[in-house]
Amino acid sequence: LNSVLYFLLFDINTPFAHYQASLKCPQNRGRTRSRVSVGSSFVDPRTKAVLGIQKIDIDRFAIAQITLPNEKPISVTEAKPGQNWPFQIAGKKYTLLLESLDWTAQRFTAKVYETPNQ
């Protein structure tokens with residue numbers, strides 16, 4: 001009963017819930033994922049990489065603003081799911097990924113993950 005009440009009080013789709021879940025799963029270490037509403041920004045808490053979506057069109061393209069650590073902001077007028085932006089911090093390589101765009105709900109999913117050095 002307590003676990004049912006917990007899920008009724010705490011929406012599992014909140015960005016904080018995704019972040020907490022990623023910390024508990026060993027295979028998710030090194031990456032952060034979040035589902036965010038249009039008009040808001042995804043901010044990776046570890047790297048401070050930022051992806052903001054201003055608008056999602058019916059054809060699943062988005063107007064995006066990306067700010068990567070130690071780089072100038074990037075404006076993209078036709079961002080699409082699967083598009084990614086690599087960056088580095090202190091010798092570690094990361095990738096910011098626009099994972100999905102949901103025109104109906106006006107939400108997007110983004111994640112940052114560490115890419116192995118080769």
Practice item. Identify the two heavy atoms, one from R35 and one from T109, that lie closest to each other, and give their separation to 0.1 Å. Key: CG-OG1, 3.8 Å
Revision key, fill the gap. Between the CH2 atom in W103 and the CD1 atom in I56, the distance rounded to the nearest 0.5 Å is 10.5 Å
Check your understanding: Are F61 and L101 close enough that some pair of their side-chain heavy atoms sits under 4.5 Å apart?
Key -> no
Practice item. Can you sort out the partners of T47 under side chain to side chain donor-acceptor pair (under 3.5 Å), two or more places apart, ordered by chain and number? Key: D44
Point to revise | Criterion side chain to side chain contact (heavy atoms under 4.5 Å, CB included) on Q54 and V38, from CA distance to verdict | key: CA-CA 6 Å; Q54 179 181 357; V38 168; 5.9 Å; no
**Study point:** Nearest-0.5 Å distance, CG of residue N70 to CD1 of residue I89
**Key:** 7.0 Å
**Study point:** Test side chain to side chain donor-acceptor pair (under 3.5 Å) applied to Q65 - qualifying residues, sequence neighbours left out
**Key:** S75
Point to revise | Min side-chain heavy-atom separation P69-F87 under 4.5 Å | key: yes
Check your understanding: For I63 and T77, which heavy atoms make the closest approach, and how far apart are they?
Key -> CG1-O, 3.9 Å
Practice item. Indicate the atoms forming the closest heavy-atom contact of S41 with G52, along with that distance. Key: OG-CA, 3.7 Å
Revision key, fill the gap. Nearest heavy-atom contact between L51 and A110 is CD2-CB, 3.7 Å
Practice item. Measure the OG-CD distance between S40 and Q106 for me, rounded to the nearest 0.5 Å. Key: 11.5 Å
**Study point:** Beyond-backbone contact of L96 with F42, side-chain heavy atoms, under 4.5 angstrom
**Key:** yes
Check your understanding: Are any non-hydrogen side-chain atoms of L68 and W85 less than 4.5 angstrom apart?
Key -> yes
Review point. Between E114 and K93, is any pair of side-chain heavy atoms under 4.5 Å apart?
Key: no
Review point. Does a side-chain heavy-atom distance below 4.5 Å link Q83 with V76?
Key: yes
**Study point:** Qualifying salt bridge (charged side-chain N to carboxylate O under 4.0 Å, His left out) pairs with a residue from residues 54-79, counting only residues at least two apart or across chains
**Key:** K55-D57
**Study point:** Closest contact, heavy atoms only, D102 versus T104
**Key:** OD1-N, 3.1 Å
